[in-house]
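Atoms within a ligand are numbered from 1 in the order they appear, just like the ligands themselves.
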Amino acid sequence: MNLFKKLAVSTAIAAALITTPAMSAERIALVVKSLGNGFFDAAAKGAEKAAAEIGDVEVIYTGPTAATAEGQIEIVNSLIAQNVDAIAISANDPDALVPSLKKAMDRGIKVISWDSGVAAGGRMMHLNPSDTDLIGETIIKLAADYLPDGGDVAILSASSTATNQNAWIDAAKKILPTKFPKINLVAVVYGDDDSVKSTNEAKGLIATYPNLKAIIAPTTVGVVAAAQVVTDMKLIGKVNVSGLALPSEFKKFIDNGSSKAVALWNPIDLGYSAVQISHQLIGGTKAAPGASFALGHVGKITLDDSNSAAMAAPFQFDASNIEEFSKIY
Ligand code: RAM
């Protein structure tokens, strides 16, 4: 190549570099209650799907090893330092995270909560998987359907500060006396979405309440632990386990009879929607009451007066359909 040609080539390359500056990908952090939870892994799959559809989006899937607010605060602070574009969080506490998330918003980072909410001051909007009252009613109904004569039931929850489980339990308690008068809720205990703690709490319930007829676990981690305890203690047919379960993790307990039925929504769609919303906020869409977000194949959501929106109704899984859904999530 002669000098003239060389110069022409390098000028062309330089021009290309100037006219098309390397666009840096949009970075959206999906902060979950804790890592190692299959429900959040499924949500992360949906998040990646949304990122691939949008293009040039990097999903940072992160969370503490234990489901604590302290662990999430550390992560949020580090995401602020990395100057990500958005934080989409499923919170371990509605209030504890507010100061760090406020700081993120002050720096121009878009913040939403999804699955488990943050108080209004700490986020721009919240995405519920489903209507809170409906979930509260569903978790009781799943147990009551198999207790025609009523009886003692107990709830094995996630952490005691989890926004979502606490809201569902409140809704369940509200509806109990009128809709399920024969169901007697004897205790609410907390397994912290930790298998070992959930197992111990389930054993504790069985030891303390000899007439216990059902354990209701509105957490995908707790429900597996409870069903395993019922199986190991040979209590199948005596104590029914119900609640919110990931079909892929729970199929064996429907198969062995330790549970008659559970429910859930599509966690992949939830993670997908969290990323779609974050991307639209980055693009300038305002989160305000009445604002709508088009969420691809998931449909459209519209924010209510508290800047929250809910997705689909929970779906029931039992012997008739768990096999099919266990292959999806
Ligand atoms: C656990 C988590 C999550 C909840 C599901 C049902 O995986 O606590 O927040 O939505 O259960």
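Annotation for ligand 1: atoms under 4.0 Å from non-hydrogen atoms of Trp168 are 10 (O). Atom numbering of ligand 1 starts at 1 in the shown order; those under 4.0 Å from a heavy atom of Phe40 are 3 (C), 9 (O).
Using a non-hydrogen distance threshold of 4.0 Å, Trp114 does not register as a contact of ligand 1. At least one heavy atom of Asn37 sits less than 4.0 Å from an atom of ligand 1.
Taking the six-membered ring for Trp and the full ring otherwise, the centers of Phe40 and Tyr61 sit at least 6.0 Å from each other.
Residues forming a side chain to side chain donor-acceptor pair (under 3.5 Å) with Ser308 (at least two apart in sequence, or on another chain): Ser306.
Annotation: side chain of Leu127 is in contact with side chain of Ile277 (closest heavy-atom distance under 4.5 Å).
When only interatomic distances are considered, the shortest N/O to N/O separation between Lys33 and ligand 1 falls below 3.5 Å.
Shown here is Asp106, whose CG atom has more than 12 heavy atoms of other residues, nucleotides or ligands within 6.0 Å. Applying the 6.0 Å contact sphere to CD of Glu58 captures more than 12 heavy atoms from other residues, nucleotides or ligands. Residue Lys141 places its NZ atom among 12 or fewer non-hydrogen atoms of other residues, nucleotides or ligands, all under 6.0 Å distant.
Protein heavy atom nearest atom 7 (O) of ligand 1, with residue, atom name and distance: Thr220 OG1, 2.6 Å. Counting only heavy atoms of the protein, atom 9 (O) of ligand 1 lies nearest to Asp115 OD2, 2.6 Å.
Nearest residue to atom 4 (C) of ligand 1 from Asn164, Val221, Leu270, Thr219 is Asn164 (criterion: closest heavy atom).
Contacts of Asp193 with ligand 1, taken as heavy-atom pairs under 4.0 Å, involve the side chain alone.
With values rounded to the nearest 0.5 angstrom, Asp95 atom CG is found 9.5 Å from Thr161 atom OG1.
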